[in-house]
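Each chain gets a letter, A, B and so on, in the order the sequences are listed, and its residues count up from 1. Given the structure is predicted, the values throughout are model-derived calculations rather than measurements.
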Amino acid sequence: MDHAAFILGSWIGTAVAVIAYAAWVLRRGRALSKHASTEEKPWT
Amino acid sequence: MSSVKSRRTIVVAVARKDLSIEWNSRILTNQVAPFAAIVMVMFAFALDNEGILQRVAPGLMWLATLFSMLIVVQRSFTVESADGALDALRVAGVDTGAIFVGKSLALMVQLFVLEVLLLATAVVLYGVEMTAVGLLEAFVTMVVATAGLGCVGTLYGGLAAGAKGRETLLPLLLLPVVAPVLIGATRATEAAFGSGGTAVSEGWPWIGLLAVFAVIFAVAGTVAFGPLVDE
Amino acid sequence: MTPNSGTGTSATRRLGVLVIVLVISLALFGLQFSAEDVVQGSTVRIMYVHVPSIWTAYIAFFLTAVCSGVYLSRRQRSLAWDRVAGASAEIGVLFVAVSLVTGSLWGRLTWGTYWVWDARLTSTAFLFITYVGYLAVRRLDGTHRQRARRSSVMALLAVLEIPLVHFSVNLWRSLHQDASVADPNAKVKLDGLMLFSLFLGLVTFTLLFVWLVLHRQRTMLLEDSFADRGLDVAIAERRNEAGVQ
Amino acid sequence: MDSVIELNDVVAVLGQFPALAGANLQVSQGEIVLLQGPNGAGKTSILRVCAGLLPIERGSGRVLGIDLVAQRDEVRSRVGLLGHSNGLYLDLTVEQNVRFWASMVNATEEEIVRAMSLMRIDGRLSSVKTARLSAGQRRRCALASLIVRRAEIWLLDEPHAGLDAQGRDELDSVLRNAVSAGATIVLASHEMERASALATRVVTVDGGGVQ
């Protein structure tokens with residue numbers, strides 16, 4: 001069923017895009033906060 | 001001994017200055033207009049079919065206008081930044097809203113001249129035939145569309161003026177915004193040309209859309225130009 | 001809290017876990033439990049990610065506009081508003097892109113073509129380009145305050161531009177072509193479970209958006225304060241140049 | 001004497017570079033202050049901060065009693081700046097340029113004529129395109145545009161650059177006249193001999209600060 005390919009494709013594509021972005025944000029945040037003092041991180 | 005003059009005087013002075021620069025350098029007539037004309041000719045090569053050309057002539061005319069407009073806008077701000085004139089205007093404490101209106105008016109005049117030339121080119125090259133009412137409608141369309149284009153062009157041109165990579169930033173910002181003008185002006189001109197059997201009367205609502213666009217961006221530009229250009 | 005927990009807090013971690021649970025259940029409901037649509041057949045399953053993502057994008061751009069307005073209207077302008085605006089726009093661009101892609105996949109199945117010059121599709125494409133431009137303006141050279149001022153004005157201009165583009169594109173299409181494909185959702189007759197799946201999708205994506213914005217604006221704060229710190233170092237170096245210090 | 005310029009520990013940034021790294025400067029009314037120092041020391045940036053062009057990132061400053069951080073715009077119309085660039089439109093003629101800048105402020109016809117003759121750009125030169133002028137002639141043109149502004153503070157970046165001997169003498173007398181009419185002048189110059197003869201005080205700028 002070639003519908004299934006399109007449906008799964010759109011779900012997986014969405015997931016990949018969002019996860020990639022989230023991973024980029026988290027990794028960047030982690031890398032930067034390693035060198036940040038507590039007052040530079042008001043959420044802690 | 002206030003050194004700030006009334007807004008209207010400044011608007012006129014800025015517009016006249018931009019037009020004098022154009023008059024002295026003749027960039028518009030010697031470079032931009034030939035560019036626009038060659039774009040029209042290239043369209044004819046790409047769409048090698050008499051019938052199609054007549055049908056799409058309005059769209060091609062306005063596309064050529066938009067492309068040329070990018071050049072004219074760049075030029076309008078290159079003369080300001082080439083020798084630090086924009087800084088000098090800022091130090092002179094000149095009201096940014098007045099600069100915006102003045103530069104927009106000058107841009108409108110230049111674009112209008114360009115459009116008249118392109119209209120003539122379309123009539124000659126693409127075999128467009130117009131009635132008297134159609135010609136009037138095409139004229140009104142050009143006036144109203146140009147008003148909108150002048151405002152938007154000046155607004156985003158000013159933002160891109162100081163930026164690195166302004167040559168690519170300007171089209172990215174400007175073209176999406178002028179989509180309504182392209183749509184409205186093309187439809188109105190189609191009605192004026194009678195392309196595809198469109199009646200002249202079908203054009204006027206589109207001119208209304210163009211007018212709304214022009215008014216909105218004239219007001220927005222006067223307010224937003226200062227914060228975008230300053231600093 | 002561990003000393004290096006990145007941009008996370010216990011609240012965002014709880015929210016993150018909730019989002020993961022919701023995503024899994026959305027997948028179960030959307031792909032398994034809910035029935036196929038009478039008209040659309042199985043293609044309706046694409047809607048469970050497509051509709052929430054464009055919904056999220058609208059929320060994101062709305063938030064960008066609101067934060068930009070607040071930033072400009074305050075006497076004491078706080079860069080926090082600008083960062084939320086920027087984070088939100090960035091995520092909005094991501095979700096518009098997702099909805100354009102999923103939408104065109106759906107279109108291929110339903111209409112047999114990836115793209116039609118439908119009013120809604122076209123104005124969504126313009127929405128996408130407009131905010132890509134907004135992000136480009138954010139990356140221009142300058143201090144944080146210059147960036148904030150320029151981009152807030154840009155965001156408010158986008159608020160003017162988008163209805164105009166949308167309106168004109170609508171007018172363009174309605175006069176030129178039957179609105180045969182104008183409203184893909186109109187044909188969908190949703191039964192209870194499908195409606196629930198769609199609703200679940202909206203909730204999931206909205207919470208996902210909140211989670212992403214929280215993290216992203218914190219990373220932006222870190223980026224900003226690192227740039228400031230770089231400035232401190234540069235100032236010290238510059239003073240040493242003259243042997244002042 | 002009242003202090004017309006007051007910079008306190010000013011940091012100003014160009015991109016990511018701190019052009020000023022904690023500059024302090026006090027200028028009283030009627031002074032002619034010469035800023036001297038090596039290239040890239042921050043002289044130009046001090047002038048641009050005082051003109052309200054370059055925002056103050058940290059620290060505070062007042063010009064003519066106006067806060068440079070909060071009301072930068074209001075400073076601008078009251079000072080005159082001659083920067084590295086002349087602020088001319090190269091496709092306009094000399095006269096068109098001077099008249100344009102005169103129309104930005106309330107300059108009378110008489111003032112325009114006087115400024116142009118003072119800078120010797122009247123007569124044949126006035127109808128020449130600025131792009132065709134030599135560097136010194138352009139400088140004269142810019143100075144004429146500055147004279148019609150009747151600024152309260154004159155900020156001059158290398159005003160003597162490109163001028164011939166006669167031009168320099170004329171400029172000096174213009175500046176002295178402006179001061180006796182109540183103006184204050186801050187200038188940056190490498191022409192140490194000439195500028196120190198003119199100046200009432202010399203200040204050394206280095207490393208983005210004032211020593």
Shortest non-hydrogen separation from [X] to [Y] and the atoms involved:
X	Y	answer
Val79(D)	Val91(B)	O-CG1, 3.7 Å
Met104(D)	Val94(B)	SD-CG2, 3.5 Å
Gly84(B)	Ser85(D)	CA-OG, 3.7 Å
Ser20(B)	Gln96(D)	CB-NE2, 3.8 Å
Trp101(D)	Ala88(B)	CH2-CB, 3.4 Å
Leu89(B)	Tyr89(D)	CD1-OH, 3.7 Å

In Å and rounded to the nearest 0.5 Å, what is the [atom1] to [atom2] distance from [X] to [Y]?
X	Y	atom1	atom2	result
Ile21(B)	Asn97(D)	CD1	CG	8.0 Å
Lys17(B)	Ser103(D)	NZ	OG	10.0 Å
Leu86(B)	Leu53(D)	CG	CG	9.5 Å

Exercise for review: Could you list all the salt bridge (Lys or Arg N to Asp or Glu O under 4.0 Å) pairs where at least one residue sits in residues 24-34 of chain D, not counting sequence neighbours?
Suggested key: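 Found Glu31(D)-Arg201(D).
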For [X], look at atom [atom1] and say whether over 12 heavy atoms of other residues, nucleotides or ligands are found less than 6.0 Å away.
X	atom1	value
Phe67(B)	CZ	no
Phe139(B)	CZ	no
Arg16(B)	CZ	no

Check your understanding: Going by heavy atoms in the side chains, are Val14(B) and Phe100(D) under 4.5 Å from each other?
Key ->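 Yes, side chains in contact.
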Practice item. Please confirm whether the backbone N or O of Asp91(D) pairs with a side-chain atom of Asn24(B), one donor and one acceptor, at under 3.5 Å? Key: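 Yes.
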Contacting moiety of [X], where chain D heavy atoms sit under 4.5 Å:
X	answer
Glu22(B)	neither
Val12(B)	neither
Ala82(B)	neither

Check your understanding: Is the shortest side-chain N to carboxylate O distance from Asp87(B) to Arg48(D) below 4.0 Å?
Key ->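 Salt bridge flag = yes for Arg48(D) with Asp87(B).
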